[in-house]
Peer 1: 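I have a structure I would like to understand better, so I am pasting it below and will then ask my questions one at a time.
Any value given below was found using the heavy atoms of this structure, including those in side chains, with hydrogens, waters and symmetry copies removed.
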Amino acid sequence: MYQTTAALRSAFLEFFRKNGHQVVDSSSLVPGNDPTLLFTNAGMNQFKDVFLGNEKRSYSRATTAQRCVRAGGKHNDLDNVGYTARHHTFFEMLGNFSFGDYFKHDAIRFAWTFLTEELKLPKEKLCVTVYQNDDEAFDIWNKEIGIPAEDIIRIGDNKGAPYASDNFWQMGDTGPCGPCTEIFYDHGAHIWGGRPGTPEEDGDRFIEIWNIVFMQFNRQADGTMLPLPKPSVDTGMGLERIAAIMQKVHSNYEIDVFKTLIAKTAEIIGVTDLEDKSLRVIADHIRSCAFLVADGVMPSNEGRGYVLRRIIRRAVRHGYKLGASNTFFYKLVPTLIEVMGEAAKDLKATQSIVENALKAEEEQFARTLERGLGILDNALADIKGNVLDGETAFKLYDTYGFPLDLTADVCRERDITVDEAGFDVAMAAQRSRAQAAGQFAADYNAGIKTDVDSHFCGYEALNGAGKVQAIYVNGQPVDAVLPGQEAVVILDNTPFYGESGGQVGDKGTLSAAGTEFTVKDTQKYAQAIGHLGVLAEGSLKLGQSVNANVDKKLRHRTQLNHSVTHLLHAALRKVLGTHVAQKGSLVDPERLRFDFSHFEAMTTEQLAEVEDLVNTQIRRNHQLQIAEMDLEQAKAKGAMALFGEKYDTRVRVVTMGDFSVELCGGTHVGRTGDIGVFKIISESGIAAGIRRIEAVTGAAAMAYIFQQQQELAEAAALLKGDTHSVVAKLKAQLDRAKQLEKEISQLKDKLAAAASADLVNEVTNIAGTKVLVKLLDGIDTGALRGLLDELKQKLQSGIVVLGTAHDGKVNLIAGVTKDLTGKVKAGDLVAMVAAQVGGKGGGRPDMAQAGGSEPEKLPSALNTVLPWLQERL
């Protein structure tokens, strides 16, 4: 029963669904609108604002199977992956949540019932821990559940500070926190280890399988613990851990998911030893890498992309250790999709993008891996002691793209450690890349906090009456605004759209008798809509009624650009393929910017096809159908969700004919014909696998087209033709230019030949070797090369150095006939001269070039050539 990982996942979600919980899809591994996290690392991340009271959902109970990554920043398990039984970069966290609904009694009862009745785990195999002072939880376990007192372990202060305990959970240095209770499973006396709280607790016998957090407090920056408005519950059970128990194995790497991935890796690479730890590393890493790419992360040198690059390269290196001779990592994606089942539906939709991204990164790393490993091997062969110096580790990072943990990984296999302190010193500014998680730190309680619910009436009208509910100046609440003062004003009812979903906030005015507040921007603060601006005249205070008037012209232009992004998204998927997914957007009154997943630049023909598809839908003048429905109903209708957005169970669906169906809370035109015309301005790459289109609509598009026509007319006039003949005339001019360039080159060759005949007479003889050193005027770099070849041919045996200066720059060239390269290298010779004129250069032993920035020093520099050669000849 429930033997497979997929079956366990389904059983957990179904158990809590039957107990009144809303089943919520796993959120992205890239936390939506949360600057405090590098990656989603716990099931509660997507509910953070709900726990804080800043966001409301239509349900008070939820359950999820959340994808998580811990491979950077505070929660970093990367170094241990593959070497222990339970460390992973990617894992699934099963969780149930209560948002002010049930608390300790039901949370404990649900967990115990699922484990002992649904999964039928032996009760004698389980023990629990509680926070040292949580008598309530202790009594529930003892008196209601029936756990013997000796099997309930109190865990206290273990870090020397109040609330610093393994059984006191906190989101960060600030934010929701509270005591927790944990359930442990006993894997048996044949495995070393003791119960939690004993000296042997770090052993592998007793394994935590479920953690139940009772959120009671909101920790402030000064350490103050304020009670949360509604005590809540956050639980987490590792799917891989419970799967190991149900499949009667001790290591997570022995469960069905990993056994399948390990076997496939061995098959692809061609190895027979399935116990090799490198196979574990690869099997783990393909999960995190594939799902990170599916969620929009691409390998790069910064932030999340850099962590992804580290994981890919670690996996690839372990593949090479196993003997992989070709790219292999991306070939695991189909097996991963198959073994993950329903949890891989997002991965399946982006399979081609994921495979291409992993393959490209593996190929790039392969070009540097062999050389870098060679240098590391040499360094380790010569090492004295068992510590690799930080300078060498940094060189590997800086020159060959080796992350520090990859170097440490190789060293660990040889019982060698890395001087990380020395690495930190050598790395200096570059270290910020590896420590990108430091950019993801914030005070959960910073910024404007308000309990106001603003009603948005801007779908129906662009003006409306509202009452001032809150005012903030410099982030602090005030009772009134002074003339000329900047402030954020929150109303109970407003037609102003707060920036979200890529659509910029509205501008306009808030007015009353003798009062006018100029709104420069509109932002959302939890459930409140804040009007950012300045009081132009009069007075504005709490409780005052105002008329809110949106700038109609700006809103209209913004709506054109917003609506057309839906059409553009659909058109891109039709032309390029269903792998295209929105990765970001910005729509304002001037233009639109649309980022999407695609691995190569679009062709001119593809851009034209997309543009034509969009304009066809505009001309069809579809009436927009906007409806609210359940999220599952919207998905069944084929609605696409927008990147980075969080959705409640009730969503707003925008439909444009049979062409586009998307979830969207933004404002739109009434009919597609209102857009008028759509024109693409540019298409470019902004990251690996991410493209960007910028475009304009309506009057802005017509202005852009008119400007292009004007420029075309000017070009036609310059070519002495009309707009219909521009291409033909331009082609003729280019052909003519090529012919002239060819003739000029031939003339230069003739001039060089003539000049060489004269220069041969200026040859000097040094120890029987012909040497020519000459400062030339009025000759370009290209001609220098031809002249050098002519002179070497005429001399048959000799050394030539030529220099010229033009527009403040020096050009040097040196030639040595092949019979003399054993005595003099052209590269050494030209480098010696270049160093005297503020430059450098090099080349082959028989020919080398250089530049310089100090032409006034060229004559004296050339005078040093003969003495330099005399020493060597």
Peer 1: Which heavy atom of A290 sits nearest to which heavy atom of L336, and what is that distance?
Peer 2: CB-CD2, 3.6 Å
Peer 1: Pick one: which of V354, I353, D295, V293 meets side-chain contact (heavy atoms from CB on, under 4.5 Å) with L347?
Peer 2: V354
Peer 1: Relative to the ring of H88, is the ring of Y253 parallel (under 30°), tilted (30 to 60°) or perpendicular (over 60°)?
Peer 2: tilted
Peer 1: Evaluate the side-chain proximity of V307 to F39: yes if any heavy-atom separation is below 4.5 Å, no if none is.
Peer 2: yes
Peer 1: Does any part of the side chain of L376, heavy atoms only, come nearer than 4.5 Å to the side chain of L388, both counted from C-beta?
Peer 2: yes
Peer 1: Do the non-hydrogen side-chain atoms of T350 and S597 ever get within less than 4.5 Å of each other?
Peer 2: no
Peer 1: So with a 6.0 Å cut-off around NZ of K809, is the heavy-atom count from everything else above 12?
Peer 2: no
Peer 1: At what distance, to the nearest 0.5 angstrom, does CG of N211 lie from OG1 of T129?
Peer 2: 7.5 Å
Peer 1: For the pair E267 (side chain) and A263 (backbone), establish whether a donor and an acceptor sit closer than 3.5 Å, ignoring hydrogens and angles.
Peer 2: no
Peer 1: Verify whether the ring centers belonging to F184 and F206 lie closer than 6.0 Å.
Peer 2: no
Peer 1: Any donor and acceptor pair, going by atom type alone, linking the side chain of T335 with main-chain N or O of L261 inside 3.5 Å?
Peer 2: no
Peer 1: In Å and rounded to the nearest 0.5 Å, what is the CG to CZ distance from L358 to F328?
Peer 2: 10.5 Å
Peer 1: What distance separates C411 SG from D419 CG, expressed to the nearest 0.5 Å?
Peer 2: 11.0 Å
Peer 1: Do you know which two heavy atoms are closest between A848 and G843, and how far apart they sit?
Peer 2: CB-N, 3.8 Å
Peer 1: Compare all side-chain heavy atoms of Q132 with those of F168 and state whether any distance is below 4.5 angstrom.
Peer 2: no
Peer 1: Judged by atom type as modelled, is there a donor-acceptor pair below 3.5 Å linking the side chain of E182 to the main-chain atoms of N167?
Peer 2: no
Peer 1: If you look only at pairs with a residue in residues 37-47, which of them pass as a salt bridge (charged side-chain N to carboxylate O under 4.0 Å, His left out), with sequence neighbours excluded?
Peer 2: none
Peer 1: Quick one: CE on M44 to CE on M93, what's the gap to the nearest 0.5 Å?
Peer 2: 12.0 Å
Peer 1: Do D346 and R67 meet the salt-bridge criterion of a basic N to acidic O distance under 4.0 Å?
Peer 2: yes
Peer 1: Show the numbers, then the answer: is there a side chain to side chain donor-acceptor pair (under 3.5 Å) between Q836 and T864?
Peer 2: CA-CA 10 Å; Q836 301 176 63; T864 65; 2.9 Å; yes
Peer 1: Take M298 and K583, measure what side-chain contact (heavy atoms from CB on, under 4.5 Å) needs, and give me the verdict at the end.
Peer 2: CA-CA 11 Å; M298 290 292 169; K583 295 300 178 184; over 6 Å; no
Peer 1: Evaluate side-chain contact (heavy atoms from CB on, under 4.5 Å) for V824 paired with W868, printing each intermediate quantity in order.
Peer 2: CA-CA 10 Å; V824 176; W868 189 86; 4.0 Å; yes
Peer 1: Please test V333 against Q351 for side-chain contact (heavy atoms from CB on, under 4.5 Å), starting from the C-alpha separation and ending with a verdict.
Peer 2: CA-CA 7 Å; V333 174; Q351 181 174 349; 4.0 Å; yes
Peer 1: Run the side-chain contact (heavy atoms from CB on, under 4.5 Å) test on S251 and F258 for me, step by step, so that the C-alpha distance in whole Å, both residues' side-chain angles and the decisive distance to 0.1 Å come before the verdict.
Peer 2: CA-CA 10 Å; S251 169; F258 283 107; over 6 Å; no
Peer 1: Would D846 and T821 count as a side chain to side chain donor-acceptor pair (under 3.5 Å) if you check the C-alpha gap in whole Å, the side-chain angles of each, and the deciding distance to 0.1 Å?
Peer 2: CA-CA 6 Å; D846 62 326; T821 54; over 6 Å; no
Peer 1: Strictly distance-based, threshold 3.5 Å: is any side-chain N or O of E361 a donor or acceptor partner for the main-chain N or O of I312?
Peer 2: no
Peer 1: Tell me the closest heavy-atom pair linking K825 and P845, and the distance in Å.
Peer 2: CD-CB, 3.6 Å
Peer 1: Is a donor on one side and an acceptor on the other found under 3.5 Å between the side chain of E854 and the backbone of G852?
Peer 2: no
Peer 1: Do any N or O atoms from the side chain of E254 and from the backbone of K259 form a donor-acceptor pair under 3.5 angstrom?
Peer 2: no
Peer 1: How far apart are the closest heavy atoms of E92 and M340, and which atoms are they?
Peer 2: OE2-CE, 3.4 Å
Peer 1: Roughly how far apart are D276 CG and I282 CD1, rounded to 0.5 Å?
Peer 2: 8.5 Å
Peer 1: Do the non-hydrogen side-chain atoms of Q849 and V830 ever get within less than 4.5 Å of each other?
Peer 2: no
Peer 1: Between L239 and I242, what is the shortest heavy-atom contact and its length?
Peer 2: O-CG2, 3.3 Å
Peer 1: As an exercise, state the distance from CZ of R317 to NE2 of H285, rounded to the nearest 0.5 Å.
Peer 2: 10.0 Å
Peer 1: Examine distances only and state if a side-chain atom of R287 and a backbone atom of F90 form a donor-acceptor pair shorter than 3.5 Å.
Peer 2: yes
Peer 1: Write down the atom of V418, the atom of V387, and the distance for their closest heavy-atom approach.
Peer 2: C-CG1, 4.4 Å
Peer 1: Tell me whether E200 at atom CD has more than 12 heavy atoms from other residues, nucleotides or ligands lying less than 6.0 Å away.
Peer 2: yes
Peer 1: Do T5 and E240 pass the side chain to side chain donor-acceptor pair (under 3.5 Å) test, and can you show the C-alpha distance, the side-chain angles, and the key distance before you say yes or no?
Peer 2: CA-CA 7 Å; T5 303; E240 293 80 7; over 6 Å; no
Peer 1: Looking at side-chain heavy atoms only, is the closest gap between V410 and L380 below 4.5 Å?
Peer 2: yes
Peer 1: Tell me, do I268 and L332 make a side-chain contact under 4.5 Å, heavy atoms counted?
Peer 2: yes
Peer 1: Does D284 use its side chain to pair, donor to acceptor, with the backbone of T89 at less than 3.5 Å?
Peer 2: yes
Peer 1: Kindly indicate whether the side chain of H250, heavy atoms from C-beta on, has any atom under 4.5 Å from the side chain of H190.
Peer 2: no
Peer 1: Are any side-chain N or O atoms of R241 and backbone N or O atoms of I209, one a donor and one an acceptor, separated by less than 3.5 Å?
Peer 2: no
